[in-house]
Amino acid sequence: MNSWKTPSPTQTADAGNAHPTRDVLARARRPRGLVGEIVNSLAASIRAGQLTPGEKLPTEAEIMAQFDVSRTVVRESLSKLQASGLVKTRHGIGTFVLSPEESGNFKIAADDFATVTDVISVLELRISLETEAAGLAAQRRTPDNLAALETALHAFRESINRDSDAVPPDFQFHMEIARSTGNRHFADLMTYLGTMIIPRTRVNTAHNAPEGRLNYLQRVNTEHESIYNAIRDQDPEAARAAMRTHLSNSRERLRRGNNAHTLQPSEQLGKRVFK
């Protein structure tokens with residue numbers, strides 16, 4: 001019998017109710033609210049064979065209780081696992097571990113960001129996806145969506161006044177646009193990609209910009225504000241144009257500064273992917 005299935009002394013009194021997948025979850029130790037810790041814990045158990053193909057994961061309520069997190073955090077974690085091809089959710093039934101042959105072939109991993117050219121390639125994908133997402137967000141956004149976008153914008157402005165690359169609020173702004181579409185697939189894809197879609201996680205664009213870090217980030221902030229204003233005004237065409245301009249500008253900045261030494265160390269990327 002695998003040791004991970006053996007009840008601990010504190011569990012023996014309730015051995016009749018023991019559940020191996022809950023035992024795996026119970027061993028996780030994480031700061032509150034980190035989606036990545038839940039993803040890493042479950043993914044490691046799946047890859048180690050502790051959670052086997054076809055096995056049903058605990059319910060959302062059980063994961064919430066085990067990790068002491070909100071339902072939103074649990075759903076984002078499951079979405080990331082699903083986007084990674086490790087599990088599949090059957091609505092009304094549950095989430096199940098997939099076998100390797102079921103998991104599909106599409107993946108964008110850390111190795112796909114090895115060069116500036118790779119980062120540009122992902123930006124080109126984002127241009128097509130996020131341009132339409134911005135248009136849909138302008139049509140469908142709710143007051144709550146707009147408030148979340150304002151919060152992300154404010155956090156970005158606060159970050160650029162400190163010695164920060166402002167990556168978390170930058171990613172959050174784009175995530176909130178995806179959520180504002182009302183189409184969960186946009187948000188699922190953004191969750192799967194994580195902060196590594198922001199070029200500054202791989203390329204020192206801010207600190208190597210000719211105009212300096214502060215001016216560079218202020219320009220990015222101005223581009224974000226243009227997108228926000230169009231979404232606020234419910235102008236889909238203006239939102240699409242603003243997003244296309246923003247991402248195209250990022251691509252052109254990378255092309256002009258295409259220099260291999262600006263790449264961040266790979267170990268730093270690994271630390272940022274799930275933040």
Side-chain angles (χ1 to χ4, degrees), residues 33 35 70-73 75-76 79-80 83 108 119-162 164-201 205-206 209 214-254 272 275:
V35 170
S70 68
R71 190 175 299 276
T72 297
V73 170
R75 287 181 174 175
E76 288 186 10
S79 292
K80 188 179 287 290
I108 298 180
V119 177
I120 290 171
S121 294
V122 174
L123 264 174
E124 290 174 346
L125 175 64
R126 289 181 61 198
I127 288 170
S128 62
L129 291 171
E130 292 193 63
T131 294
E132 183 58 23
L136 292 173
Q139 292 175 304
R140 303 172 180 174
R141 58 87 175 159
T142 66
D144 286 345
N145 292 143
L146 205 58
L149 284 167
E150 289 174 352
T151 298
L153 270 180
H154 178 74
F156 191 96
R157 294 188 200 106
E158 290 291 313
S159 292
I160 65 178
N161 292 322
R162 302 190 297 269
S164 166
D165 58 11
V167 166
D170 195 339
F171 174 74
Q172 191 62 33
F173 179 75
H174 287 270
M175 171 62 85
E176 295 303 339
I177 291 172
R179 289 180 176 139
S180 298
T181 65
N183 181 332
R184 69 176 180 84
H185 297 297
F186 283 100
D188 286 350
L189 180 58
M190 292 293 288
T191 299
Y192 166 62
L193 292 172
T195 57
M196 66 180 173
I197 65 168
I198 306 300
R200 294 190 302 285
T201 61
T205 47
L214 181 59
N215 288 335
Y216 170 88
L217 291 176
Q218 286 175 336
R219 189 189 333 167
V220 173
N221 181 62
T222 298
E223 293 171 3
H224 282 180
E225 287 178 341
S226 295
I227 299 167
Y228 166 80
N229 289 338
I231 293 174
R232 179 199 60 199
D233 296 341
Q234 296 187 298
D235 187 336
E237 291 310 312
R240 290 186 181 99
M243 180 63 80
R244 179 174 291 278
T245 297
H246 171 52
L247 295 179
S248 295
N249 284 347
S250 294
R251 179 181 60 185
E252 293 311 307
R253 286 190 285 264
L254 283 172
R272 293 180 177 183
K275 287 186 179 179

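We count residues from 1, following the sequence as given. Keep in mind the model is a prediction, meaning the values are calculated, not measured. Only heavy atoms go into these numbers, but all of them, side chains included; no hydrogens, no water, no symmetry mates.
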Task: Pair Glu176-Thr151, side-chain contact (heavy atoms from CB on, under 4.5 Å): steps then yes or no - done: CA-CA 10 Å; Glu176 295 303 339; Thr151 298; over 6 Å; no

Task: Heavy-atom side-chain contact between Asn215 and Gln218 under 4.5 Å - done: yes

TODO: With sequence neighbours excluded, give me every salt bridge (charged side-chain N to carboxylate O under 4.0 Å, His left out) pair touching residues 223-250.
DONE: Glu132-Arg240, Arg157-Glu225, Glu223-Arg253, Glu237-Arg240

- [ ] Report the C-alpha separation of Arg75 and Thr72 in whole Å, then their side-chain angles, then the decisive distance to 0.1 Å, and conclude whether the side-chain contact (heavy atoms from CB on, under 4.5 Å) test is met.
- [x] CA-CA 5 Å; Arg75 287 181 174 175; Thr72 297; 5.9 Å; no

Task: Minimal non-hydrogen separation, Ala239 against Ala138, with atom names - done: CB-CB, 4.0 Å

TODO: Determine whether Phe156 and Gln172 make a side-chain contact, defined as any pair of heavy atoms from C-beta on separated by less than 4.5 Å.
DONE: no

Task: Check: Leu153 and Asn221 side chains under 4.5 Å, non-hydrogen atoms - done: yes

TODO: Kindly give the heavy-atom pair with the smallest separation between Ala187 and Met175, and that separation in Å.
DONE: O-CE, 3.9 Å

Task: Spacing of OG belonging to Ser128 relative to CD belonging to Glu124, to within rounding of 0.5 Å - done: 9.5 Å

Task: Heavy-atom closest pair, residues Ala137 and Ile177 - done: CB-O, 3.8 Å

TODO: Report the residues that fulfil side chain to side chain donor-acceptor pair (under 3.5 Å) with Thr181, sequence neighbours left out, ordered by chain and then residue number.
DONE: none

TODO: State, to 0.1 Å, how close Tyr228 and Leu149 come at their nearest heavy-atom pair, and which atoms those are.
DONE: CD1-CB, 3.9 Å

Open item on the list: Tell me whether the rings of His224 and His174 are parallel (<30°), tilted (30 to 60°) or perpendicular (>60°).
Closed with: perpendicular

Open item on the list: Set out, in order, the CA-CA distance, both residues' side-chain angles and the distance that settles side-chain contact (heavy atoms from CB on, under 4.5 Å) for Asn183 and Arg140, then state yes or no.
Closed with: CA-CA 10 Å; Asn183 181 332; Arg140 303 172 180 174; 4.3 Å; yes

Open item on the list: Can you tell me how far apart CG (Asp165) and CD1 (Ile160) are? Round to the nearest 0.5 Å.
Closed with: 12.5 Å

Task: Between CE on residue Met190 and CZ on residue Arg179, distance to nearest 0.5 Å - done: 9.5 Å

Task: Residue pair Ala134 / Met243: nearest heavy atoms and the distance that separates them - done: CB-CB, 3.8 Å

Open item on the list: As an exercise, state the distance from CZ of Phe186 to OG1 of Thr191, rounded to the nearest 0.5 Å.
Closed with: 13.5 Å

Task: Asp188 side-chain N/O to His185 backbone N/O, donor-acceptor pair under 3.5 Å - done: no

- [ ] Find the distance between OG1 (Thr131) and CG (Leu136) and round it off to the nearest 0.5 Å.
- [x] 11.0 Å

Task: Expected output: side-chain Arg141 to main-chain Ile231 donor-acceptor under 3.5 Å - done: yes

Open item on the list: Quick one, Thr245 with Ser226, criterion side-chain contact (heavy atoms from CB on, under 4.5 Å). Give me CA distance, side-chain angles, the key distance, then yes/no.
Closed with: CA-CA 10 Å; Thr245 297; Ser226 295; over 6 Å; no

